[in-house]
Structures are given as structure tokens and as C-alpha cells.
Amino acid sequence: MLILGIETSCDETSVALVEDGRRVRANHIASQTGLHAPYGGVVPELASRAHIQRLVPMVDECLREAGLRLADLDALAVTLGPGLVGALLIGVETAKGLAFASGKPLIPVHHIAAHLYSPFVCGDGASYRMISVGDENVPDTETREQGRTGEGDAPLPAPPLRFPYLGLVVSGGHTSLVRVNAPDSFGLIGETVDDAAGEAFDKLAKLLNLGYPGGPVVDRVARGGDRARFAMPRPMLRGGNPDFSFSGLKTAALKVAREFGPEKLAAEPQLVADICASFQEAVVEVLLKKAGAALEANGLHELAIVGGVACNSRLREAVTEYLPGVHVVFPSPILCTDNAAMIAGLAFHRRERYTSCDLTLNAEAGLPLNF
Ligand code: KG4
Ligand code: ZN
């Protein structure tokens, strides 16, 4: 069963083709990072406009490269929420138009549920296209093209996780611990009471003038830093509370930055590296120790770490230190950040509930997980 997925919940426009919920035939992503960087964060109106400009040509291109037409699809899938409502709307209305015109079912998908499903998606050998979207005066650049290679029809690897498992979602907008009972059935265990983990990285980078988005740059700078130089708090680690809080960490980093002042920070790259490494270690330790406690408290044995922050190199490495002996799965980095392959993948498991195109579907910024 071949599903075309569409994702536009934030600042990535993505279109993907996925077969039977796991095999990626194509995954095209246009990242707007360069467009929003001058503003230090996502500007919703710019995001919506860029989605409008890119989405339909990307659907065309994705199908054309795969040698397919809309008529060859079994269904379409789209992110219904959560996210920026104006950005979501572009995806939802476009998907409705395409599904209605072609007479195909349209399957709405929850963005976070799709992140939780992303470890099951296989496609490192599929057709990836990464496009970097600039502003109106700068033409788009293609930053990576792998072409259609490898995998083809080779057997897929066995599923990497058994249900139920624990999902740790760490993205720019969400930080939560979720019991995943089945591909499309969830129980929320804990979540952040203030900032998301990715947001904390982005704010630290802003504070240290490292640019946007913060996660990847903090990750890179921290590699040369001393993780133990600055004592950063480990918020809400004790007492068995499964919720997270990251806003205090930001305040602690601000205090350190103020203590040294902007001149010293600008003149001493080692100081900046040490702040990044100490901050990152606090985030990583809290995430992994809380995941460990939640595994135990809920009688679960396997953990999936998903979302943009799951790209973090220290988080990936620290698993063996903080969670020795636990089966932990990270999706490949291209499937950690926002992508439509995870949307089309999860849609396969919802196909029986959505057998037509419901034109009343509407984007929902605060869509609940089990909708
Ligand atoms: O999942 P995602 O692409 O979008 C949302 O749904 O939010 O996550 C984006 C977030 C950003 O906050 C970004 O700074 C963070 O993921 N991120 C990272 C890394 N790569 C991306 N955070 C830490 N280390 C990284 N290597
Ligand atoms: Zn996301």
C-alpha cells in the first residue's frame, strides 16, 4: 500500500512516499531554517508563505521522480496538528484538494504520534532531497541529494522495538514521555511544564550569539568543552515526578554568561564551549535519567528517543552511561527532524479508520495525541 505524506506543521515542507508503513520510496524536505535565521526563530507568516510556494511543486517532483501519478497512490496522509495553525492549514487544504481530485482517502496524522513511530521507518537508501529555502532574493539551494539507491526491494530489517515501549519525544515544541501501546495508541506519562528541550538549546544559542537553530550549533561547540566546568541544575530530577522543566536551566546559563560579560564571551571560545557542554550535559542527564525512571515505574523495557533533539551527539553517546543495558533506539537523523516519511508511515496504521476524503478536516494547533 503506497501512501503519499505531507508535513507542514512548522518550518519544514516535506513530501514523502512510503510503502506499507515502513519502506520509504522518497522523502523530500525543504527546510526554511535559512529563511527564519535572521529573526532568531520561526516567523509564522513567512513559514506559511514558503509552504504555499513549495508544497505543490514538491508533490509533483516527488511523484515524477518515482515515476508515479496521483492515480497510482492508495491514499494521502497529512499532519493535522499540533503545530503552527497557519502552517498546518497549507498542508491540510492542499492534501484535501489532492485527495478530493483524485478520489483517494485522506488520512490525518498527529505530528508527535508520527515522531513516536519514526524508528519503524526505513529508508536510508531511498530518494532524499534536502532543499534549503532562503528569502525571496536568494534562490533555493539543494544541499543534499542521495538519489534512488540501494534498498530497492531488499527485505526490510525486523522492527526495532516491541510494543509497548517508552517514547521520549524531544523536539523544538515538545518534551514528553509516552507509553506507546501500539503504532497508534498512546498514554502520556509526563511532559515539560515550561520550555521544550529543543527550545532550551535554541535559547542558549541565542544567549551566546551562536545563531539559529541552536541545537545543532550547541552540539558542535560543546564537543570541545568541559562538561563539568559549570554546575548547572538538574531540574525536577528527584521525587519520581515524570514531568520536565527547562526554564531554570536557561536562567542558570544566563547567570554564568552575565558573570563573564559579552567581551569575555566573544574573546574566549573555550569559555563558550564549556558553557555549552555543561548546559548540554544537564539536559542530557535529566532526559535520560527521567526516561530510566519512567521505564521502571511503568514496567517498560525498551526506549525510543525521537524528535529533532534526538540528533544530539552527546544524547546518543550518553545512553550507555545513564541507561546501561536498556534497549534504546534512535531513528536516523533525517527521520528525527520533521519529515513526511513518518507521517505517511504512521498513516498506514490508520488506514481502516479513514477510507475516504473528509472535506471537513481542519488543522488543529493543539490536537490531542489520541484523536
Ligand atoms: O522535531 P523538530 O525538527 O521540530 C519540531 O517538531 O519542533 O525539532 C527541532 C528542534 C530544534 O529546537 C533544534 O534546535 C533541535 O531540534 N535540534 C537539536 C539538534 N538538532 C536539532 N538539539 C540538540 N542537538 C542537536 N544536534
Ligand atoms: Zn517535529
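One-based numbering, in listed order, for ligands and for the atoms of each.
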How about Y117 and H349: are their ring centroids closer than 6.0 Å?
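Yes; H349 has its ring centre under 6.0 Å from that of Y117.
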Do other residues, nucleotides or ligands put more than 12 heavy atoms under 6.0 Å from the CD atom of Q270?
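Atom CD in Q270 is crowded, with more than 12 foreign heavy atoms closer than 6.0 Å.
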Whether F244 and F246 hold their rings parallel, tilted or perpendicular, with breakpoints at 30° and 60°
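F244 vs F246 ring planes: parallel.
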Assign the ring pair F163 / F120 to parallel, tilted or perpendicular, where the plane angle (0 to 90°) is split at 30° and 60°.
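Plane angle under 30°, so parallel.
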What protein atoms of element N, O or S are positioned under 2.8 Å from the Zn ion (ligand 2)?
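Listed by chain and number, the nearby protein N, O or S atoms are H111 NE2, H115 NE2, D338 OD1.
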Measure and list all N/O to N/O distances between ligand 1 and the protein that fall under 3.5 angstrom.
residue: ligand 1; atom: 1 (O); partner: H115; partner atom: NE2; Å: 3.4
residue: ligand 1; atom: 1 (O); partner: G308; partner atom: N; Å: 3.0
residue: ligand 1; atom: 1 (O); partner: D338; partner atom: OD1; Å: 3.3
residue: ligand 1; atom: 3 (O); partner: D338; partner atom: N; Å: 3.2
residue: ligand 1; atom: 4 (O); partner: D338; partner atom: OD1; Å: 3.4
residue: ligand 1; atom: 4 (O); partner: D338; partner atom: OD2; Å: 3.2
residue: ligand 1; atom: 6 (O); partner: H111; partner atom: NE2; Å: 3.3
residue: ligand 1; atom: 6 (O); partner: D338; partner atom: OD1; Å: 3.3
residue: ligand 1; atom: 6 (O); partner: D338; partner atom: OD2; Å: 3.4
residue: ligand 1; atom: 7 (O); partner: G172; partner atom: N; Å: 2.8
residue: ligand 1; atom: 7 (O); partner: G173; partner atom: N; Å: 3.3
residue: ligand 1; atom: 8 (O); partner: G172; partner atom: N; Å: 3.4
residue: ligand 1; atom: 12 (O); partner: G198; partner atom: O; Å: 3.3
residue: ligand 1; atom: 12 (O); partner: D202; partner atom: OD2; Å: 2.8
residue: ligand 1; atom: 14 (O); partner: D202; partner atom: OD1; Å: 2.7
residue: ligand 1; atom: 14 (O); partner: G215; partner atom: N; Å: 3.0
residue: ligand 1; atom: 20 (N); partner: G308; partner atom: O; Å: 3.4
residue: ligand 1; atom: 24 (N); partner: G215; partner atom: O; Å: 3.4
residue: ligand 1; atom: 24 (N); partner: N312; partner atom: ND2; Å: 3.0
residue: ligand 1; atom: 26 (N); partner: D219; partner atom: OD2; Å: 2.9

Looking at D219 and R223, is any side-chain nitrogen of the basic one under 4.0 Å from a carboxylate oxygen of the acidic one?
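D219 and R223: salt-bridged.
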Looking at E199 and K206, does any basic side-chain N land under 4.0 Å from a carboxylate oxygen?
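So E199 does not pair with K206 through a salt bridge.
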Carefully, step by step, assess R351 and D74 under the rule salt bridge (charged side-chain N to carboxylate O under 4.0 Å, His left out).
CA-CA 10 Å; R351 65 194 183 282; D74 293 292; over 6 Å; no
Side-chain donor-acceptor pair present, S278, Q280, cut-off under 3.5 Å:
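The answer is no; no qualifying pair exists.
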Have a look at S247 and tell me which of D194, D195, T192 forms a side-chain hydrogen bond (donor to acceptor under 3.5 Å, both in side chains) with it.
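Going through D194, D195, T192 one by one, the side-chain hydrogen bond (donor to acceptor under 3.5 Å, both in side chains) with S247 is satisfied by D194 alone.
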